[in-house]
Amino acid sequence: MTVSVVQFGGSNCDRDAVSALSHLGIDAERVWHEDGLPEDTTGVMLPGGFSYGDYLRAGAMAAQSPIMSDVYEAAERGVPVLGVCNGAQVGCESGLTDGAFTTNESARFQCENVFLRVENADTPWTAAYDDGEVIEVPIAHGEGRFEISGERYEALEAGEKVLFRYCDADGNVTDAANPNGSTGNVAGILGERASVAVLMPHPERATLDDVGGTDGAGILRGFD
Amino acid sequence: MTAYTATVTVRLKRGVLDPEAETTKRALERLGFELQGLRSADHFEVDVDADSAADAEERADEMAQRLLANPTIHDYDVVVEEAE
């Protein structure tokens, strides 16, 4: 029962992820991407960071790492896979999830707390919450604007694959509460299976009470 | 085999916001230039040995599809010339 936290060159949230998961009693270890996924992997977390210096596009290089074939196969078998921040960019670039995360509308790196509204509580990643519940977690990204064609956005909505939207403290999804210009204020989505999810905000930075609250812990409990 | 250079130009699809281009446009305006618009694009020059220009173009096209461009947000074009 071990969650593999995949470490690419330039990942920098891998240790935080292992700490947060361990704090929740979820066995986790870092796995160097060149070593491939261990056979006893029961979950995969793609952590935040700046893999390959964000060369070409954020996540584009890591998405081509051979370990991503292992991750894709594991996802097909129903192994839970969660991509956070740079891991979300890798998830979209590798085709685990639809759409793309690209340059913030502000063209700036933004590091701040945001509010998220839970859009679908019927997934492993949101089972700890209620539909419409508002949680507070941090973002830290320069390329977090969710982009997708109109047709595929409609398919995401129809398939109830939108997990979280940026909102204000009262749960209103507004332009003012959208930190990066994301289509539909989308902060996180599901892949083809509900066991695969990506999001730009950092749940592992909102899991330990003494460092920024515990609102994100429920997301990591998707590995439980 | 002939040496070719395939030039791949990757640009955002029309309608996709380009904050970097907007920022660059504003900086040019601060310098006193008058301009009506500005779009940015990535430009890759790929040297390949191939049997024909069509073959070189096909390979560069696959490179664009698989890595150089992200089809969700980008359009691209490929121009092949014999290398000098």
- To the nearest 0.5 Å, how far apart are CD in A/E133 and CZ in A/R117?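 Nearest 0.5 Å value for the CD-CZ distance: 12.5 Å.
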- Query: When you look at A/V84 and A/L46, which way does the side chain to side chain contact (heavy atoms under 4.5 Å, CB included) test go after all the steps?
  - Reply: CA-CA 6 Å; A/V84 167; A/L46 304 172; over 6 Å; no
- Message: Can you tell me which of B/D18, B/I73, B/N70 forms the most heavy-atom pairs within a distance under 4.5 Å of chain A?
- Response: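 When all of B/D18, B/I73, B/N70 are compared, B/N70 has the most.
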- Message: Looking at chain A, which one of B/L17, B/T23, B/L68 has the largest number of heavy-atom pairs inside 4.5 Å, strictly under?
- Response: B/L17
- Query: Does A/E112 pair with A/R205 as a salt bridge, N-O distance under 4.0 Å?
  - Reply: no
- Message: Salt bridge or not between A/E143 and A/R145? Use side-chain N to carboxylate O under 4.0 Å.
- Response: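 No, no charged N to carboxylate O under 4.0 Å.
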- Task: Could you tell me which portion of A/T103 (side chain, backbone, both or neither) has an atom closer than 4.5 angstrom to a non-hydrogen atom of chain B?
- Result: both
- Message: Heavy-atom cut-off 4.5 Å, strictly under: side chain, backbone, both or neither for A/Q64 against chain B?
- Response: side chain
- Item | Residues A/D14 and A/Q7: side-chain donor-acceptor under 3.5 angstrom | yes
- Toward chain A, the part of B/A21 with a non-hydrogen atom under 4.5 Å: neither
